[in-house]
Amino acid sequence: MTDRVDPRPSNDSHNGFPGTADNVVQARQILGGVHFHTGRPTPVTAPRQLPPRPTHFTGRTAELARLEALLAASDAGEPATLLITALVGAAGVGKSALAVHWAHAVRDRFPDGHLYLNLQGYDASPPLSPHQALENFLVSLGVPPGSIPPDLDARTALYRHVVSGRHLIIFLDNVRSAAQLRPLLPGTSGSLMLVTSRSQLSGLVVREGAQRIVIGPLAPQEATDLMRSILGRERVDAEPVASAKLASHCVHLPLALRIAAERAAIHPLLPIEALASELESGSRRLDVLTTYDDDETTAVREVFSWSYRDLSPAAARTFRLLGLVSGPEISVLAAAALTGLPPDQAVRVLGGLASLHLLEVAGPDRYRFHDLLRDYARECVSEDSEQDRSAALRRLLTWYLFTAEEAAAELDVRRGPTPFDRTPGDPPPPALTIGFPSRTAAMDWYETEFLNLLAACRQAAEVGEHVVAWQLPIALRSFFQLRRPTTDWVTVSETAVAAARHLGDAHAEAITLRSLGAALSYRGAYEESLQRNREALAVSREIGEDEGWCLNSIGDCLVSLGRFDEAIEQLGQALIAAERNGDASLAAHSLENIAPAYSALERYDRAIESLQRSLTIFRDLGRAYGEALVLDKLADTYLSLRRFDEAVHLASQALPLHEKLGNRLSEAATLRILARAFKSNGRIAEARDHWLRALVTLEDLGHPDAVDVRGDLLGC
């Protein structure tokens, strides 16, 4: 929706402005200041985030009619009115399935896209905060992460600005409270906000006028229809009384009905009456609901207990141990590490659990729990001793650590030697080693496991595996450096520092402080980065460790802060340390970092000399990552000297190295150097092409420098 303004002011004054322009003010008289703000970012494509349609969806005729009536009434009202519809009820009652089914049915009425987020209000993981949720939505709507303000109120204001005038489905699943979602409410919007919760959300109804629909169990006929859909009409209708009894024992909850019907499906010769009688005799029940205003039911635990007792010992143990895992999903190899099973046996056990709907398939060789099943598995794991539980978690966390280090070695971008020995436990057996065949495979693994790795960092600290808690974030640094310089890097680095301090390990503390400094620097928080690196230096000096790498990091921060003389002094000390210790890698990086300080002071000969020395060292070491960075800085230096052909030649050597390494952030930097060189040579078309390529990369990474590249394109 675009706001339209009368092209002529009422006082008959008129200015003509042919063509197009940004940031234009037309007025007869201006009192006070004039401030320009960029318009809301526009995504390349509208977000389409709805989960897949649920299979075997049955019934809910009355609820669907109510939803349609609410939407029709909203369409007939004020166009900018937000419709908030909250589906509330017990866990397992089918709120999410109904919401997803209806959202797909009406999605074409919301052309600006569909946002979806699980707020994890009742998950094993901590509930998603409004702060995190807003970042997720803003990025989905085209806002670069670096442009997202840190303050919650500012994020809320930006979010409301971005969605204003749009027609979106905003689907918030598993909401714990009105307070959790209130910052996610648009201000003015013709959108549909669809919410599911186990809470009654009374505050949302009273204050925001939400339309609450209480979702109860299926009607008896609808429950029978659901079983027919899974088992077939002939089998269900052959035992109508037993089928009704089975549905009754499931309290007509869709989740319980689906599990029971699937159990019957894999035993086609077993009468439904026998299954109903077995279910009726269940002794353990799951406390499905956890909040004070939810209705209690025990049917789901009864069904879970009944299915669990039918498992083989290996499957039952696997089910229980999976309840220990805090990540959102798990791979076959990770599950094998957790359980100690050989991978081929783990595949069979996990597949069997999935066939009984005790696990969900999350992708090829990947599985996840429904939140209720996770609760039940966690309850069952008390059958295992504390020693067995601790050993299982240690195996899993150690597997994540060793595999992350294996992937980091393949990426080969770490500065300096491996900073620790992986000694929190026995290494995983060879059968669990991935053996990454390429950098691409290593990067793909990091991307796939990213949320699980973050959860593992947090869980390691929570369960007292402090060695993993500081080493795993260090193992992730290469991935963060190449792909995701986000707040997550800062968060896990802070966890690492706390774990090192808990252990009283000063060596680990110095390493983790320097890594935290790097994370902050990549986020542009140079002052805070400088402070963390100075703390690392103090610790290193206290325990008598060499300070060269700390001095290098401090000098790099000082360059970014424009404190060039101080930077040259610190980096000079780092060079002395490198020569003293014979650390060629440190020497190369210190020479690389000192050059921009010389260039800023117009000491170009010293800058070029430093970079050429650095380039020679990196090539001797076979470090393509460092070589490419130095080529970029040499090209940039020659660009400052207006030696454009030499700048193009050097940057053209760096570009394929970045591409091979997967260093997309540096790839964009090289494209920008080439664009500036081409523009200065009057090759405007080539300049625009390279700026466009850089913009695509930076926007894909969500990097704040994309704003500057847009400005370069406009000025070209």
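Sequential numbering from 1 along the given sequence is applied to the chain's residues.
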Next on the checklist: For residues 551-577, which residue pairs pass the ring-ring contact (aromatic ring centres under 6.0 Å, His included) check, not counting sequence neighbours?
Outcome noted: none
Residues which pass side chain to side chain donor-acceptor pair (under 3.5 Å) with [X], listed by chain and number, not counting sequence neighbours:
X	result
Gln653	His649
His658	Asp632, Thr670
Thr512	none

Item to check | Verdict with reasoning, Leu324 to Val463, per side chain to side chain contact (heavy atoms under 4.5 Å, CB included) | outcome: CA-CA 11 Å; Leu324 297 171; Val463 301; over 6 Å; no
Go through the structure and list residues passing salt bridge (charged side-chain N to carboxylate O under 4.0 Å, His left out) with [X], not counting sequence neighbours.
X	result
Glu494	none
Arg619	Glu627
Glu528	Arg532

Give every residue pair that meets the salt bridge (charged side-chain N to carboxylate O under 4.0 Å, His left out) criterion with at least one member in [range], sequence neighbours excluded.
range	answer
residues 149-160	Glu135-Arg155
residues 609-618	Arg606-Glu609
residues 653-671	Glu659-Arg693, Arg664-Asp700
residues 436-445	none

Next on the checklist: Keeping Thr491 on the side-chain end and Thr487 on the backbone end, is there a donor-acceptor pair under 3.5 Å?
Outcome noted: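 Checked: pair present.
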Checklist entry - Okay, side chain of Asn593, backbone of His589: is any donor-acceptor separation there less than 3.5 Å? => result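 Looks like yes, one N/O pair under 3.5 Å.
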So, [X] and [Y]: side-chain donor and acceptor under 3.5 Å apart, yes or no?
X	Y	result
Trp549	Asp583	yes
Glu406	Thr433	no
Arg176	Gln180	no

Checklist entry - Quick one: does Thr697's side chain get under 4.5 Å of Leu665's, heavy atoms only? => result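 They are not in side-chain contact.
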Checklist entry - Can you find a heavy atom in the side chain of Leu476 that is under 4.5 Å from one in the side chain of Tyr446? => result yes
Checklist entry - Are Phe479 and Phe450 an aromatic pair by the rule of ring centers under 6.0 Å? => result yes
Checklist entry - Pairs in or reaching into residues 567-580: which pass side-chain hydrogen bond (donor to acceptor under 3.5 Å, both in side chains), with residues at least two apart or in two chains? => result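 Those involving residues 567-580 are Asp546-Arg580.
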